Amino acid sequence: MSEAVKYPVLSKVNYPSDIKQMDVAELKGLCKDIREYLVDTISEIGGHFGGGLGTVELTVAIHKVFNTPYDLVVWDTGHQAYPHKILTGRKEALKKIRRLNGISGFLKRSESEYDAFGAGHATTSISAALGMAAARDLNEEPNRKVIAIIGDGAMTGGMAYEAMNNSGVLKSDLIVVLNDNNMSIAPNVWQISNYFTEMISHPDYNKFKGQIWDLTGKLDHFGDRLRRIAARLESGIKAVITPGMLFEALGFRYFGPVNGHNLHQLIKIFEQTKELKGPILIHAITEKGKGYKPAEGHSQRLHASTPFDKVTGEAIKKSGGAASYTKIFGEALVEIVKDNPKVIGITGAMPDGTGLDYLQKAYPKNYFDVGIAEEHGITFAAGMATQGIIPVVAIYSTFLQRGFDQIIHDIALQKLHVVFVLDRAGLVGADGPTHHGVFDITYLRMIPGMVIMAPKDEAELRDMLFTSVEYKNGPIALRYPRGSVLGVEVKPGFTKLEIGKAEKLVEGRDVALLALGSMVDYSLKAAAKLKEQGISCEVINMRFAKPIDIEMLDRVASKFQKIITLEENNLPGGFGSAVAEYFMSKNYKNDLQFIGLPDKFVDHGTQEELHHILGIDTDGIVERVKAFTQLNKIKSEVSI
């Protein structure tokens, strides 16, 4: 079936200019086509799914009413914005979204002029939009509109309220659309509130209100009393029939709740409010996964998905798939909590993604979800730690960046025992640079008293988690990669590891490979290949990036002239830097090479593709070792 037949309206639309003259009936057909196109495309290739299905009407209405890209539209995160990509010249490109050399799964300023602000982390939209509105005022562009779309949990983050508070102070013209899909705020939607919103947003009402305001301003003290009474009356009605009191207190004029899937109503309210002055908040109730039965009511499961069966919504399983590191962690934590009820788990709105859903089901009293509020979650953990609780903060490496000051000020400075479990450490693949966890060794290593571990396999992950819980001397972190485990034997129970001690895995004579975490397996495979080519490598599982095993480093320095460090972290300030710093302090003259990630942001692709391109996989290590040893051989021959 041709696309023109399958998607009769969408096939005629490539840019927002194509929908300006469409009536509501045609636009409803466009919404239907967009949903079908999303289901057809994402079921084949995977990607973020439920959020985009819920924003179809919002997206169409915004591009219908506003003059994009001159008018600036800022989406929170970006996983809600697949329909936005479809309507802004990237319909065909969506078929390769999140793939190597394809378009990003999030918004990206370099990708499209319609992407006013790039973001893969939540709660940034209002701050960015307010900055744009203030810049618009400085640039004297009064007709330029700025719209922020926030939701899908982002209103649980404190940064959104900081931005709203500042918006109320600056009073810049700004429209915030709260896409409320039960992930943040979910009030009842009454027909009377819809009527009231339509009334107070209508131009005639606002004109009449302005005239009354002007008239009462001429009546001295009596006029002031009338003004106060009128303001209290309007505020009182809003307080009774809408959930807008908080937003009004922050300086926003509140409109809603409105039906976020009623295209006619959305277009009408955008038309009526776009010329109003000051900060405006439009509260739209939507349903995540709208229009696709397997996603409706299962918003977490189909928030983001691998390829799935279009009919059932069930993931297409690969045969013989191994368990994930996330699953191993989740099950191990349940075992630990069973024996030690003082241990609790904390997540920032990602129980499934971090493996804490296992704890949530087994011991719900030991499970805490703080929302998309990493700063709060970390200090929340600090407060618990002061009272003898052992918090395990399970979080993606990239999201822990958001609580950096809290780690230093609230935890490390007070030497509190908080365990940080960093999932998705290293290159994560399709989500790209906003989600690669490649800075954690660097930013944690600089913190006094911090311990940093990385397991070589799933068995060591279990032991490191147990060691972290048993550790009593301050903060401790362990990092592990996204994806499947290696399939090694996992014995019952746990073994407590000695802090800061490495282990030698393979004896060698020519070069030492000091590997950390995910790079250990690659190093072992590379050593086996190099052995066949006559190069003998000693492989060390360093285990700890801090404290580093100086006894092992002293031994290696005395035995090998050529030493290579290996890590799945950005090289500046990372594990290799720690080794180099120690060697410099001891005035060692060994030849060092560093294998890791370059000092740049790495784009998206599969983990395997990215590892190969950056030369940190088995073949890349083999070539680096050969070049390193050959270089030293040439130097030796020249000196002779």
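Residue indices begin at 1 and follow the sequence shown. Just so you know, these numbers come straight off a predicted model, no measurement behind them.
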Asks: Looking at Arg35 and Glu57, is any side-chain nitrogen of the basic one under 4.0 Å from a carboxylate oxygen of the acidic one?
Replies: yes
Asks: For Ala129 versus Val146, what's the shortest heavy-atom pair and its separation?
Replies: O-CG1, 3.4 Å
Asks: If I take atom NZ from residue Lys28 and atom CG from residue Leu30, how far apart are they, to the nearest 0.5 angstrom?
Replies: 13.0 Å
Asks: Quick check: closest heavy atoms across Thr434 and Ala119, and the distance to 0.1 Å?
Replies: CG2-C, 4.5 Å
Asks: If only atom types and distance count, is the side chain of His376 paired as donor or acceptor with the main-chain N or O of Val370 below 3.5 Å?
Replies: no
Asks: May I ask you to check whether Phe106 and His48 place their ring centers less than 6.0 Å from one another?
Replies: yes
Asks: Could you tell me which non-hydrogen atom of Leu266 sits nearest to which non-hydrogen atom of Ala61, and how far apart they are?
Replies: CB-CB, 3.8 Å
Asks: If the plane angle is over 60° it's perpendicular, under 30° parallel, otherwise tilted; pick one for Tyr254 and Phe247.
Replies: parallel
Asks: Can you confirm whether Leu100 sits close enough to Ile613 that some side-chain heavy atom of one is under 4.5 Å from a side-chain heavy atom of the other?
Replies: yes
Asks: Just wondering, do Met159 and Ser127 contact through their side chains at under 4.5 Å, heavy atoms?
Replies: yes
Asks: Which atom pairs, one a donor and one an acceptor, fall under 3.5 Å between side chains of residues 8-15 and the rest of the protein, sequence neighbours left out?
Replies:
| from | atom 1 | to | atom 2 | distance (Å) |
| --- | --- | --- | --- | --- |
| Ser11 | OG | Tyr7 | O | 3.1 |
| Ser11 | OG | Pro8 | O | 3.1 |
| Asn14 | OD1 | Lys91 | NZ | 3.4 |

Asks: Can you tell me how far apart NE2 (His604) and CZ (Arg98) are? Round to the nearest 0.5 Å.
Replies: 9.0 Å
Asks: Give the C-alpha distance, both sets of side-chain angles, the deciding distance and a yes or no for side chain to side chain contact (heavy atoms under 4.5 Å, CB included) between Asp369 and Leu356.
Replies: CA-CA 9 Å; Asp369 185 343; Leu356 282 188; over 6 Å; no
Asks: Less than 4.5 Å apart, side chain to side chain, heavy atoms only: is that true for Pro279 and Val176?
Replies: no
Asks: Minimum heavy-atom separation for Ala116 and Val74, please, with both atom names.
Replies: CB-CG2, 4.4 Å
Asks: Can you tell me if Lys274 has over 12 outside heavy atoms packed within less than 6.0 Å of its NZ?
Replies: yes
Asks: Would you please test Met164 and Met155 for side chain to side chain contact (heavy atoms under 4.5 Å, CB included) and show each step?
Replies: CA-CA 11 Å; Met164 293 182 75; Met155 285 297 285; 3.9 Å; yes
Asks: Does Thr59 reach the main-chain N or O of Ala81 with its side chain, forming a donor-acceptor pair under 3.5 Å?
Replies: no
Asks: Can you sort out the partners of Glu36 under side-chain hydrogen bond (donor to acceptor under 3.5 Å, both in side chains), two or more places apart, ordered by chain and number?
Replies: none
Asks: A side-chain contact here means heavy atoms from C-beta on lying under 4.5 Å apart; do Tyr114 and Val73 qualify?
Replies: no
Asks: Parallel, tilted or perpendicular for Trp75 and His84, by the 30°/60° rule?
Replies: tilted
Asks: Who passes side-chain hydrogen bond (donor to acceptor under 3.5 Å, both in side chains) against Thr326, sequence neighbours left out?
Replies: Asp423, Arg424
Asks: Asp440 versus Gln401: any side-chain heavy-atom pair under 4.5 Å?
Replies: no
Asks: Do the side chain of Glu111 and the main chain of Ser104 share a donor and acceptor less than 3.5 angstrom apart?
Replies: yes
Asks: Taking atom OH of Tyr443 and atom CZ of Phe404, what is their separation to the nearest 0.5 Å?
Replies: 8.5 Å
Asks: How close do Ile150 and Ser125 get, heavy atom to heavy atom, and via which atoms?
Replies: CB-OG, 3.5 Å
Asks: State whether the side chain of Glu44 and the backbone N or O of Thr41 hold a donor-acceptor pair below 3.5 Å, judged by distance alone.
Replies: no
Asks: Return the CZ to CD1 distance between Phe380 and Ile346, rounded to the nearest 0.5 Å.
Replies: 5.0 Å
Asks: How many angstroms lie between atom NZ of Lys64 and atom CG of Leu87, to the nearest 0.5 angstrom?
Replies: 12.5 Å
Asks: So Thr398 and His121, do their side chains get closer than 4.5 Å, heavy atoms only?
Replies: yes
Asks: Can you name the side chain to side chain contact (heavy atoms under 4.5 Å, CB included) partners of Asp23, sequence neighbours left out?
Replies: Ala25, Glu26
Asks: Sequence neighbours left out, what passes side chain to side chain contact (heavy atoms under 4.5 Å, CB included) with Ala93? Give chain and number order.
Replies: Arg90, Ile103
Asks: What's the shortest heavy-atom distance between Gln80 and Ile149, and which atoms?
Replies: NE2-O, 4.3 Å
Asks: Determine yes or no for a side-chain-to-main-chain donor-acceptor pair under 3.5 angstrom, with His264 supplying the side chain and Val24 the backbone.
Replies: no
Asks: Any donor-acceptor pair under 3.5 Å linking the side chain of Arg402 with the backbone of Glu374?
Replies: no
Asks: For atom NZ of Lys95, is the number of surrounding heavy atoms from other residues, nucleotides or ligands below 6.0 Å larger than 12?
Replies: yes
Asks: Would the number of heavy atoms belonging to other residues, nucleotides or ligands and lying under 6.0 Å from NZ of Lys20 be above 12?
Replies: yes
Asks: Using modelled atom types only, decide if a donor and an acceptor are shared between the side chain of Asp173 and the backbone of Gly278 within a distance under 3.5 Å.
Replies: yes
Asks: Checking Lys108 now: which residues fulfil salt bridge (Lys or Arg N to Asp or Glu O under 4.0 Å) with it, not counting sequence neighbours?
Replies: Asp603
Asks: Is there a donor-acceptor pair under 3.5 Å between the side chain of Asn570 and the backbone N or O of Asp599?
Replies: no
Asks: Does some side-chain heavy atom of Val60 sit less than 4.5 Å from a side-chain heavy atom of Ile34?
Replies: yes
Asks: Within the 4.5 Å heavy-atom criterion, are Leu427 and Leu614 side-chain neighbours or not?
Replies: yes
Asks: Check whether any side-chain N or O of Asp76 sits under 3.5 Å from a backbone N or O of Thr123 as a donor-acceptor pair, and report yes or no.
Replies: yes
Asks: Is the number of heavy atoms from other residues, nucleotides or ligands within 6.0 Å of OH (Tyr70) greater than 12?
Replies: yes
Asks: Within the side chain of Thr55, is there an N or O that forms a donor-acceptor pair under 3.5 Å with the backbone of Leu58?
Replies: no
Asks: Apply side chain to side chain contact (heavy atoms under 4.5 Å, CB included) to residues Asn67 and Asn143 and explain how you reach the verdict.
Replies: CA-CA 10 Å; Asn67 181 27; Asn143 296 322; over 6 Å; no
Asks: How are the rings of Phe399 and Tyr396 set to each other: parallel, tilted or perpendicular (split at 30° and 60°)?
Replies: parallel
Asks: So does Asp115 pair up with Arg109, basic N to acidic O under 4.0 Å?
Replies: no
Asks: Using 0.5 Å steps for rounding, measure from the CD1 atom of Ile147 to the OG1 atom of Thr273.
Replies: 9.5 Å
Asks: Hey, mind stepping through Lys6 and Asp40 against side chain to side chain contact (heavy atoms under 4.5 Å, CB included) and telling me if it holds?
Replies: CA-CA 11 Å; Lys6 193 168 189 180; Asp40 289 343; 3.0 Å; yes
